[in-house]
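This structure is a prediction, so every number in the text was calculated from the model and none was measured. Just so you know, these numbers use all the heavy atoms, side chains as well, and skip hydrogens, waters and symmetry mates. Below, chains carry the letters A, B, ... as their sequence lines are ordered, and counting in each starts from 1.
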Number of protein chains: 2
Amino acid sequence: MSESNPSLRERHRTRTLAEIHQAALELVGECGYGDTAVDAIAERAGVSRRTFFNYYPSKEAAVLGATEPRISEAARERFLDPTTGDEFARTVRLFMDVLRDATGPPEFTARRHELVENNPELKRRVGMHITTVESLVVSTVVEHSAQGTTPRSEETSHAFVLLAGAVIKFAFRTNTHLATTLDDDAVQLALDHAIGVFRTALKEIS
Amino acid sequence: MSESNPSLRERHRTRTLAEIHQAALELVGECGYGDTAVDAIAERAGVSRRTFFNYYPSKEAAVLGATEPRISEAARERFLDPTTGDEFARTVRLFMDVLRDATGPPEFTARRHELVENNPELKRRVGMHITTVESLVVSTVVEHSAQGTTPRSEETSHAFVLLAGAVIKFAFRTNTHLATTLDDDAVQLALDHAIGVFRTALKEIS
DNA sequence: CTGCACTTGTGCAAGTTTGCACTCATGCAT
DNA sequence: ATGCATGAGTGCAAACTTGCACAAGTGCAG
């Protein structure tokens with residue numbers, strides 16, 4: 001009842017989340033981040049200020065559409081399915097999936113990216129956000145490793161995840177258009193390529 | 001904060017009221033009154049069934065957009081203002097105002113009228129509705145008469161109101177297009193004319 | 001007739017939104 | 001510096017919405 005067949009409550013929550021985010025993007029686009037009051041965003045979104053803070057913990061989060069990161073059932077299943085790639089590739093994808101789930105709707109990706117690019121406060125917030133995702137992914141990978149046939153040390157799993165994060169960062173740095181595209185396949189392709197590059201590089205140092 | 005400068009809560013309430021009413025009109029238009037389920041109306045309006053019944057006490061009421069009749073501040077003030085006509089004319093207008101306030105948005109008047117015309121259940125409900133309005137107007141007029149300089153008996157006030165109701169009925173019967181117009185002035189004009197006709201007729205019997 | 005399915009309408013508990021009254025921090029004018 | 005306005009963010013109670021379970025009525029197949 002929560003992943004694919006949302007109740008009225010969940011649908012409404014999703015809609016409000018998007019409405020506040022969209023209102024925030026519009027107003028920040030019109031007036032700039034500093035000159036946009038939370039009150040104004042709430043009003044345009046058609047909710048009270050209190051409700052605004054029920055949905056987003058801060059103005060920054062609303063502008064980014066950043067929701068509290070969590071591992072969705074879909075993402076977890078994809079990660080646990082061994083037929084969809086080797087474990088490192090699956091870890092990269094898990095990281096990417098969680099990142100996406102905790103980010104506002106894809107249709108606003110371009111605008112968000114632009115705002116973040118020239119706004120230090122937002123940039124800082126994105127960093128914190130990614131760190132949170134990282135921890136989540138770490139615990140998932142650690143947990144899975146413990147239950148697997150060839151358990152890895154927690155330390156190794158942790159490094160594994162940081163490596164996955166680096167791959168993603170690398171893929172987006174070397175393909176700047178990825179940050180503003182809606183094409184999931186293109187992202188996946190770039191990630192796969194980045195994984196290859198990393199594998200090669202890692203051979204050099206091992 | 002309640003008549004002209006509605007709070008977020010009141011605005012939302014008004015919107016939901018209209019959304020349910022509109023959904024009801026649409027579905028009844030598409031499927032007929034009997035074949036339209038409350039569940040379907042609620043779903044189209046984007047609310048739960050329980051909320052549907054929080055807004056309207058029955059399916060009929062939702063189709064009619066009939067809200068619990070009450071005397072608004074504006075209507076009361078208009079009635080109490082002696083510069084806007086003699087007491088009978090003001091009573092007619094009070095009746096009309098309350099009727100309008102307890103009816104769905106004017107833009108759906110035509111469709112409502114059509115549905116009521118060929119649907120006995122709705123017709124019955126409209127009758128009950130008008131009776132409720134009548135009682136309300138009676139108590140207002142009685143109350144005002146008691147405080148006036150020339151108090152009238154309660155019985156006389158009651159007759160006064162029924163007379164006002166008859167004037168309205170007469171005006172709409174003899175100007176069928178009034179039932180589907182959005183032109184308030186045209187309605188007022190027709191009412192004024194009807195009042196004249198009644199005055200003449202009453203002279204004959206007094 | 002009997003059982004079954006379906007619909008209207010209601011009671012209630014749990015979850016959500018609102019309004020309001022704060023606190024805290026920042027900036028700005030006196 | 002001191003007061004003063006403004007904006008972010010929070011706690012709380014009251015109002016509202018939702019989901020669910022249930023009563024009552026209606027129609028219809030067997």
- Query: Which pair of non-hydrogen atoms, one from A:L191 and one from A:M96, has the smallest distance, and what is that distance?
  - Reply: CD1-CG, 3.8 Å

- Task: May I ask you to say what A:T36 touches in the nucleic acid, namely base, sugar-phosphate or nothing, with a heavy-atom cut-off under 4.0 Å?
- Result: sugar-phosphate

- Note on the structure: Of A:L8 and A:A37, the one whose nearest nucleotide on DNA chain D sits closer to the 5' end is A:A37

- Message: From CZ of A:F53 over to P of C:dT16, roughly how many Å is that when rounded to an integer?
- Response: 19 Å

- So, with a heavy-atom separation below 4.0 Å from DNA chain C, the residues of residues 38-49 of chain B are B:V38, B:R49

- Rounded distance (Å) that lies between atom P of C:dG11 and atom CG of B:N54: 11 Å

- With respect to the phosphate group of C:dG19, does any side-chain polar atom (N or O) of B:S7 fall under 4.0 Å of OP1 or OP2? yes

- Please state how far atom CD in B:E10 lies from atom P in D:dA14, giving the value in whole angstrom units. 19 Å

- Out of C:dT10, C:dT18, D:dG19, minimum distance to the side chain of B:R9 belongs to C:dT18

- Task: Could you pull out all residues at least two apart from A:L189 that satisfy side-chain contact (heavy atoms from CB on, under 4.5 Å)?
- Result: none

- Message: Taking 4.0 Å as the cut-off, does a side-chain nitrogen or oxygen of B:Y55 come that near to OP1 or OP2 on D:dT17?
- Response: yes

- Item | Rounded distance in Å - NZ (A:K59) to C1' (C:dA25) | 14 Å

- Task: If a pair satisfies side-chain hydrogen bond (donor to acceptor under 3.5 Å, both in side chains) and one of its residues is in residues 130-141 of chain A, list it, with sequence neighbours excluded.
- Result: none

- For A:E121 and C:dT26, what is the distance between atoms CD and P respectively, to the nearest whole Å? 12 Å

- Query: Between the side chains of A:T181 and A:D183, is a donor N or O closer than 3.5 angstrom to an acceptor N or O?
  - Reply: no

- Task: Please tell me if the side chains of A:E143 and A:R76 come closer than 4.5 Å, counting only heavy atoms from C-beta onward.
- Result: yes

- Query: Checking only heavy atoms, does the side chain of A:R50 share a donor-acceptor pair with the base of D:dG11 at less than 3.5 Å?
  - Reply: yes

- d(CG, A:D35; P, D:dG7) in whole Å: 10 Å

- Roughly, in whole Å, what's the span from CZ in A:F52 to C1' in C:dT16? 17 Å

- Could you check how far CZ of A:R11 sits from C1' of D:dT18, rounded to whole Å? 12 Å

- Once the angle between the rings of A:Y56 and A:H21 is folded into 0 to 90°, is it parallel (under 30°), tilted (30 to 60°) or perpendicular (over 60°)? tilted

- Picking from A:R78, A:R70, A:R90, what satisfies salt bridge (Lys or Arg N to Asp or Glu O under 4.0 Å) with A:D97? A:R78

